Each structure stands twice: as structure tokens, then as C-alpha cells.
Protein chains: 2
Amino acid sequence: MTSSIFEVLAEPNRRRILDLLREREHSVGELVKETQLSQPGVSKHLRILREAGLVEVRQKAQKRVYHLHAEPLVEIDKWLEPYRRFWSDKLDALEKLLNEENEEEIRPLPQQRPLKKKGDFE
Amino acid sequence: MTSSIFEVLAEPNRRRILDLLREREHSVGELVKETQLSQPGVSKHLRILREAGLVEVRQKAQKRVYHLHAEPLVEIDKWLEPYRRFWSDKLDALEKLLNEENEEEIRPLPQQRPLKKKGDFE
DNA sequence: AGGTTATATAACTGTCAAGTTATATTGATA
DNA sequence: TATCAATATAACTTGACAGTTATATAACCT
């Protein structure tokens, strides 16, 4: 039901909506215009974003105005943290070296032939 | 076929595999032991991770040893970048203020009653 | 009250992803 | 060479999700 923040961000339209809300708040109707989606489609995504705590709503006359609440993105940032030290190529090389200290023989990886599929014959 | 980095990371088992590879390289068999998955299940995830450039393989006897290649995660970090300024509560409040300058009347949001569903009667 | 506007939800549909089992491929070894 | 060990792929099944249309809800306006 309520999905992980990673799953929420996996959907491109949702990232698009967040990007739009980063600039300024938008009503549902405005978001419909900015996306390729139907109105219910947008509302569905907004619900998921709301349940993830990434957006908040205000009512303004008949409209519902959504704005960004970026705080849950901190979780992504935290997950990323221990990976940061691997990013530089130089550090990569160092890692590699440390890993390979305990290794024996290393052979080049041969290209694997595709398996025989259903329709294949020879 | 090849999925976005966000989709790749949306799958919990794949994040788990990356976490394991962050500590040290692992053979497929080792990863099978560390996860709840069948061997083909692990291989399938490894293929997706490979196609995303997040892991690399070496052959060692019959084994295939996978190691982390974290570089593609930079894309996530970059995506996150423009959101960082929203994280602090203080900045949030400032944003809010700026947004609300152009607003008129603001009313509290009433709780919406659930719609009538198929099986409902009165 | 009745009509209009704006949005949320229900119900349905089709696609795809993730898991499985069975099998092919490849390297090592007896 | 026959067998074992390790892994990748094929084929299949299932469930979840994203999209749709139709409709309910709610606020505004006359």
C-alpha cells in the first residue's frame, strides 16, 4: 500500500511532478496540463506522493494546491552516503587493489554464447 | 529493457545486493546465501545491475565474482541536488512564505468522506 | 436550489516485473 | 571423457501498478 521512497521515485511522472513543484506550487489542473496524464492519473500519483510525505495540499476555493515537502528525500541521501567514497575513479582503483589482494588466478571473461531457444533448430 | 537507475534501485533485493557488494565482492553463490532468492533470481537481478553499470564481473574458476561499480549512482546524487535547499525546516518555512505571498483566502482542508463503493447500500 | 468547476475515488484493463522451475553452458576434476 | 559445480538464460505464472473511463464529492456562483 504505502511504498518505499525508492519505489515512489521510480515512476517518471512522479519525478516530473516533484520537479514542477520544486519551482512553485501547482493545482491539480495545472499539473494535468504539464503532464501527459489524465486528471485521475495525476490525482493517483499525487496520492502516492502524499502518502510518502513528499507533497502537501492546501485548499483554495475549489482547487487543491500541492506543494513540495522534500524532507523524505533525506532518506535517499542517507542511503547514498556510504557509496560516495566509491565515486572517484582513483578511489575505485584503490578499492579494486584491496579486493584483489586475496585473489588467485584471474582469467579473461569469455563471451557466452546464447542458449538454445524454443524456436531454434540446427 | 534497460531500466532507469531509479527503477533499478526501487527493488529491495537489488539494494541489498549493492549493500553486500559495498563491503566486499561476492560470487553469485554467496549472494544466493545472503538473500532469500533462488540462484536464477539472483542472476536476474545481477543482470539488471550489470546493465545499469552498477556491478562488474570477473571470472574465477567456475565462479563469477561480482563487485560494485558505484559511479552511476552519481545520477541520483545529481537529481537530488536541487532539492537539498528544501531540506532544512527553516528554509521550508521561508519557501512557504514566498509562495503564499501571491495567495488569497486560505481555508482549512475538510476531511473528505469516502465515495460510495460497489457493495454499499443505504 | 441548480449548474459549473475542480478533484478524488472506484472499477476495470493491460502491461510488466519478479519470482519460479527446468535446462543449457562452461570450467574443473576424476 | 564423464561427472560435478557454478551460473546464465528460457519459459512460465502471478501480482502489482499505471493508465483509463465513469462517477461521487465538494466548493463556488447565479
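Per chain, numbering begins at 1; letters A, B, ... match sequence-line order. Model, not experiment: these values are computed from the prediction.
- The distance between atom CD of A:Glu51 and atom C1' of C:dA8, rounded to the nearest whole Å, is 13 Å.
- Looking at B:Gln39, its side chain comes within 3.5 Å of the base of D:dA8 through a donor and an acceptor atom.
- Going from atom CG of B:Leu37 over to atom P of D:dT7 covers 15 Å, rounded to whole Å.
- Remark: C1' of D:dT7 and NZ of B:Lys60 are 16 Å apart, rounded to the nearest angstrom.
- A donor-acceptor contact shorter than 3.5 Å is absent between the side chain of B:Glu75 and the backbone of B:Pro72.
- Looking only at side-chain heavy atoms (C-beta outward), A:Pro12 and A:Arg16 stay at 4.5 Å or farther from each other.
- Counting only distance, with no hydrogens or angles, the side chain of B:Arg14 and the backbone of B:Val8 share a donor-acceptor pair below 3.5 Å.
- Considering B:Arg85, B:Lys78, B:Arg84 in turn, B:Arg84 is the only one that fulfils the side-chain hydrogen bond (donor to acceptor under 3.5 Å, both in side chains) rule with B:Glu81.
- Atom CZ in B:Arg47 sits about 11 Å away from atom C1' in D:dA10, given to the nearest Å.
- When all heavy atoms of A:His26 and A:Arg24 are compared, the pair lying nearest together is ND1-O, 2.8 Å.
- Between the axis at the start and the axis at the end of the helix from C:dA1-D:dT30 to C:dA30-D:dT1 there is an angle of 10°, using five pairs per end and rounding to 10 degrees.
- Side-chain proximity of A:Lys44 to C:dG19, C:dA8, C:dA11: nearest is C:dA11.
- For the pair A:Glu7 CD and D:dC17 C1', the computed distance is 10 Å after rounding to whole Å.
- Atom CG of B:Leu68 is separated from atom CD of B:Glu25 by 11.0 Å, given to the nearest 0.5 angstrom.
- For A:Leu9 and D:dA18, the CG to P distance is 12 Å, given to the nearest whole Å.
- Under the 4.5 Å side-chain criterion, counting only non-hydrogen atoms from C-beta, B:Leu54 is not in contact with B:Leu21.
- Listed pair A:Ser38 / D:dG19 fails the phosphate criterion, with no side-chain N or O lying under 4.0 Å from OP1 or OP2.
- Residue-level contact check: A:Glu11 touches the backbone only, with heavy atoms under 4.0 Å from sugar-phosphate atoms and none from bases.
- In this structure, NE2 of B:His45 is placed 6 Å from C1' of C:dA18, rounded to the nearest angstrom.
- Residue B:Arg50 has its side chain nearest to D:dT9 when only D:dC28, D:dT9, D:dG19 are considered.
- Between B:Tyr66 and D:dA6 there is no side-chain polar atom (N or O) within less than 4.0 angstrom of OP1 or OP2.
- Using a 4.5 Å heavy-atom cutoff, the side chains of A:Leu73 and B:Trp79 are in contact.
- Side chain of B:Arg15 to main chain of B:Ala10: a donor-acceptor pair is present (N/O by atom type, distance under 3.5 Å, no hydrogens or angles).
- Rounded to whole angstrom, the span from the CD1 atom of A:Ile48 across to the C1' atom of D:dC17 amounts to 8 Å.
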Are there any protein N/O atoms within less than 3.5 Å of an N/O atom in nucleotides 4-6 of chain C, and if so, which ones and at what distance?
none

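- The pair B:Asp19-B:Arg22 counts as a salt bridge, with a side-chain nitrogen and a carboxylate oxygen less than 4.0 angstrom apart.
- Mapping A:Arg14 and B:Ser43 onto DNA chain D by nearest heavy atom places B:Ser43 closer to the 5' end of the strand.
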